[in-house]
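Report on the following structure.
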Amino acid sequence: MSRSKKAGRKRIRKWILIWILCNAVFIAAFLFLQFSKNRETLESERSQMRMIQGENRDISNGEYDRKLAVICDNGTFVGQEKNGVRSFKGIPYAVPPTGSLRWKRPVDAGPDTGVYEAYYYGKSGIQTEADSERASLYLQGEDCLTLNIWSGISSAQEAFGPKAVMVFFPGGGYGWGGTADPIYDGQRFIEAHDDVVLVTVNYRIGMMGFMDFSEVEGGEEYAESGNLGLLDQISALRWIRRNIAGFGGDPDNVTVFGESAGASSVSFLPLIDEARGLFHRVIAQSGSIAFSFSREECLTLTRTLMKETRASCMKDLLELSEEDLMKINVKLNDMNNFPERDGIILPVDVYEAYASGAASDVEMLTGTNADEARYWIHEVGGYPVYRLGGRLLYGSIRERLDPEDRVFADAFLALQKEETIWGMTEFLNDLIFRVPAIKQAELHSKNGGTHYMYYWTKESDIAHYGACHAVDLSYVFNNLDDTIFTGKPADAALADTVQEMWVNFAKTGNPSAGKYIWEKYDAGSRKTMILGDEISLVSDPLPQQRVLVEPLLKYRINGYYKSTDYALIYLRNRIVRTLIILLGVNVVLFLIYRLHKKEGILTDSFDASKPAGSLDQRSGAVKEGILTDSFDASKPAGSPDQRSGAVMEKIKAGTEK
């Protein structure tokens, strides 16, 4: 064998070793940075939440400031005052849902003559920790049914005056969240708007708040368990009606509002008979009646719970300790249910309920953000993972559609001017958020309901987030320096205007503010207020997209379906596992290489440059499009261009009506 051949093969072995080492270093560095960043962020948020933790105690010695005490039917609660704002935190509105009350409808708090501190938030509901849901880093437990109140008082006042009441229910996909999240702190909101009373409410979430036990032995006594979180909210509203006057609020002028799951909740409440008369207006931010489950969808979590706990009946489940539940929840939290269309608390068809006028006596203000789905960029582990996962999610949803309906998705993508991943994201924005909210507004207004609609376009300063889900929260609550979703302090001028609109609606039922005259929404004019760098009232924004998505609402795609964060988190975990496996393979290859070299087994005749098949041809194929942005999931079998053309004719006809 010539020296040149030996030298060539030696070089091949050298490059094999370099390839192994480089791969190992890259994978190890990626995993280290990923986990270090997540751990650092989580620990930083956890430290901040520890600073506000505490436990409200009995005041048995009679020493407290009477000016900061309010007598309620379940006790006297002593708050705190700061900058002319009185706050009362962690007030229980129901009996703790523990022991025999676990998975039962809430029992309203009973009479109590004791005196209690109201300095600290109550516990968050049981949930897994997440840096984007800071209430998950607060104290947790089953005993979570508490509320918080902020009310302003000028130095000249010795008593509160009657004020409109704004009651907020936090979001979190019905599996996370709580009022302890700093973004919901009402101090700055009331400093700016002392003409209203603000209340924020905790309710049961996850497997403690939305479970269907109809298949479980003994489950017949838990027929309402699929909507306990909603029943908790109604219990809180009853407490507010009985007691809010003591805090300066008007029980006959109550507006419920929420974001995400909270927005969905306040959209459902008008459909529940026992909630009638407890509130008068609704503000729904980025959530609608689309966020619900059928009974069969809910039973998936029940079956998993029974398997994980090895329980055979309700008696077994009730014997689980709170600690047991928290451990089990780590495995199950990603599978949390949405409210159940059970025919008991919620109607089986919530769209039909709106169509029949069930909510027409309640005034509503609803809207969505322009880039809702981009929120999940963070949730799934970053932009690179989202680029892959977003395609997967779009593809999985498209596959659920009947063949004759896939043309609508194809035509939707054909309308988009941005690269494919953002076109797919826009489809998710409209299918899960915007168009269901529009349909809700349309059905409500058709039956005589007063409805106002907005479209949020103000973007986050975080790369790729755009006007993502939850970006509006720091604006609404006047917590401008809370940059978790905005990336930088929120625009003060926009925040002032939005708050004025929300407060005006709560007080009078009309959100117009100053020069911004907000006209009612109806299916004819579709008047929509754009809230962004520019504020303006427009008619029917993005009409072609709306017409394309409306026929797909029948599939009841609700933002879950092991989709959104669940499917993408699954993908992220698979990617991480793959990288770990690759790292292990590289280490093994390196050890084999060293062993063979040492023992002389790796001879000069070894030629790693010639695998089976033509690597050059296959690599070329990959480079030509399999793993590049030229991949286009919008081209199914057949001619999408021809079918899209037919749909575009339908769009044109629909938007010209």
Side-chain angles (χ1 to χ4, degrees), residues 92 94-110 123-128 136 140-145 172-178 202-235 261 265 268 272 274 291-348 558 560-562 566:
V95 177
T98 58
S100 62
L101 295 180
R102 179 186 289 173
W103 289 308
K104 288 290 188 72
R105 70 157 43 232
V107 176
D108 291 351
K123 292 179 181 178
S124 298
I126 293 174
Q127 58 195 285
T128 52
S136 70
Q140 294 185 23
E142 290 184 88
D143 180 9
C144 62
L145 303 186
Y174 291 108
W176 289 267
N202 272 347
Y203 54 95
R204 280 174 284 183
I205 54 177
M207 67 179 186
M208 308 312 300
F210 300 93
M211 290 288 292
D212 185 306
F213 292 114
S214 59
E215 285 188 343
V216 180
E217 180 184 336
E220 61 275 5
E221 297 182 14
Y222 298 82
E224 300 169 324
S225 60
N227 290 297
L228 294 176
L230 297 181
L231 294 177
D232 292 342
Q233 294 169 10
I234 294 171
S235 176
S265 295
F268 289 133
I272 303 175
E274 62 186 281
F291 297 176
S292 64
F293 271 20
S294 67
R295 183 176 295 278
E296 187 58 34
E297 288 172 308
C298 285
L299 286 172
T300 299
L301 178 57
T302 309
R303 293 162 187 160
T304 306
L305 174 65
M306 301 304 287
K307 181 179 178 180
E308 288 292 334
T309 60
R310 299 181 181 178
S312 61
C313 60
M314 290 304 302
K315 182 176 180 295
D316 293 341
L317 291 176
L318 293 176
E319 289 175 353
L320 295 171
S321 68
E322 183 177 77
E323 184 179 355
D324 291 335
L325 291 170
M326 295 178 80
K327 289 179 180 178
I328 293 165
N329 189 66
V330 172
K331 296 181 180 180
L332 303 187
N333 208 170
D334 284 334
M335 299 178 65
N336 63 282
N337 290 337
F338 286 1
E340 183 180 29
R341 303 189 300 273
D342 56 2
I344 301 171
I345 303 301
L346 286 182
V348 174
N558 54 24
Y560 178 81
Y561 276 101
K562 298 181 180 178
Y566 184 58

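Atoms considered below: every heavy atom in the structure, side chains included; atoms not considered: hydrogens, waters and symmetry mates.
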Between Met326 and Gln140, does a side chain to side chain contact (heavy atoms under 4.5 Å, CB included) hold up when you go through it step by step? CA-CA 9 Å; Met326 295 178 80; Gln140 294 185 23; 3.7 Å; yes

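- When atom types are taken as modelled, the side chain of Asn227 and the backbone of Pro339 share no donor-acceptor pair closer than 3.5 angstrom.
- Of all heavy-atom pairs spanning Gln127 and Ser136, the tightest one is OE1-CB, 3.3 Å.
- Shown here for Asn202 and Gly178, the closest heavy-atom pair between the two residues is OD1-CA, 3.4 Å.
- Nearest heavy atoms, Phe291 versus Phe338: C-CD2, 3.6 Å.
- Residues Leu317 and Met306 have side chains in contact (heavy-atom distance under 4.5 Å, counting atoms from C-beta outward).
- Going from atom CG of Leu332 over to atom CG of Leu325 covers 10.0 Å, rounded to the nearest 0.5 Å.
- Listed for the Tyr174 side chain is a donor-acceptor partner under 3.5 Å among the backbone atoms of Ala261.
- Using a distance-only test at 3.5 Å, with no hydrogens or angles considered, no donor-acceptor pair links the side chain of Tyr222 to the main chain of Arg102.
- Using a 4.5 Å cut-off on side-chain heavy atoms (C-beta onward), Thr302 and Glu215 make no contact.
- Distance check: Leu305 CG to Lys307 NZ gives 12.5 Å after rounding to the nearest 0.5 Å.
- Residues Ser214 and Leu299 approach most closely at OG-CD2, 3.9 Å, considering heavy atoms.
- Between Cys144 and Lys123, the shortest heavy-atom distance links the atoms CB-O, 3.4 Å.
- With hydrogens and angles disregarded, a donor-acceptor distance shorter than 3.5 Å links the side chain of Trp103 to the backbone of Met207.
- Side-chain N or O atoms of Asp316 include none that pairs as donor or acceptor with a backbone N or O of Arg310 at under 3.5 Å.
- In this structure, Ile272 CD1 and Ile234 CD1 are separated by 4.0 Å, a value rounded to the nearest 0.5 Å.
- The environment of CD in Glu323 is sparse: at most 12 heavy-atom neighbours from other residues, nucleotides or ligands sit within 6.0 Å.
- Met314 CE to Glu217 CD: the interatomic distance, rounded to the nearest 0.5 Å, is 11.0 Å.
- No donor-acceptor pair closer than 3.5 Å links the side chain of Glu221 to the backbone N or O of Gly218.
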Verify side chain to side chain contact (heavy atoms under 4.5 Å, CB included) between Leu346 and Leu230, making sure each step is shown before the conclusion. CA-CA 10 Å; Leu346 286 182; Leu230 297 181; 4.0 Å; yes

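- Judged purely by atom type and a 3.5 angstrom limit, Asn333 has no side-chain atom pairing as donor or acceptor with the backbone of Asn329.
- The main-chain N or O of Met211 is found under 3.5 Å from a side-chain atom of Ser225 such that the two form a donor-acceptor pair.
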* Where do Asp212 and Asn337 land on the side chain to side chain contact (heavy atoms under 4.5 Å, CB included) test, with the steps shown first? -> CA-CA 9 Å; Asp212 185 306; Asn337 290 337; 5.6 Å; no

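- The shortest non-hydrogen separation linking Arg341 to Ser292 is NH1-OG, 2.8 Å.
- The side-chain heavy atoms of Leu231 and Tyr203, taken from C-beta on, include no pair separated by under 4.5 Å.
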Note to self: One pair to check against side chain to side chain contact (heavy atoms under 4.5 Å, CB included): Ile205 and Asn336. What are the steps and the verdict?
What the structure shows: CA-CA 8 Å; Ile205 54 177; Asn336 63 282; over 6 Å; no

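- For Asp232 and Ser235, the side-chain atoms include no donor-acceptor pair closer than 3.5 Å.
- A salt bridge does not link Lys104 to Glu142: none of the charged nitrogens lies less than 4.0 Å from a carboxylate oxygen.
- For the atom pair Asp143 CG and Leu101 CG, the distance stands at 11.0 Å (nearest 0.5 Å).
- Note: Cys313 SG to Phe213 CZ = 11.5 Å, rounded to the nearest 0.5 Å.
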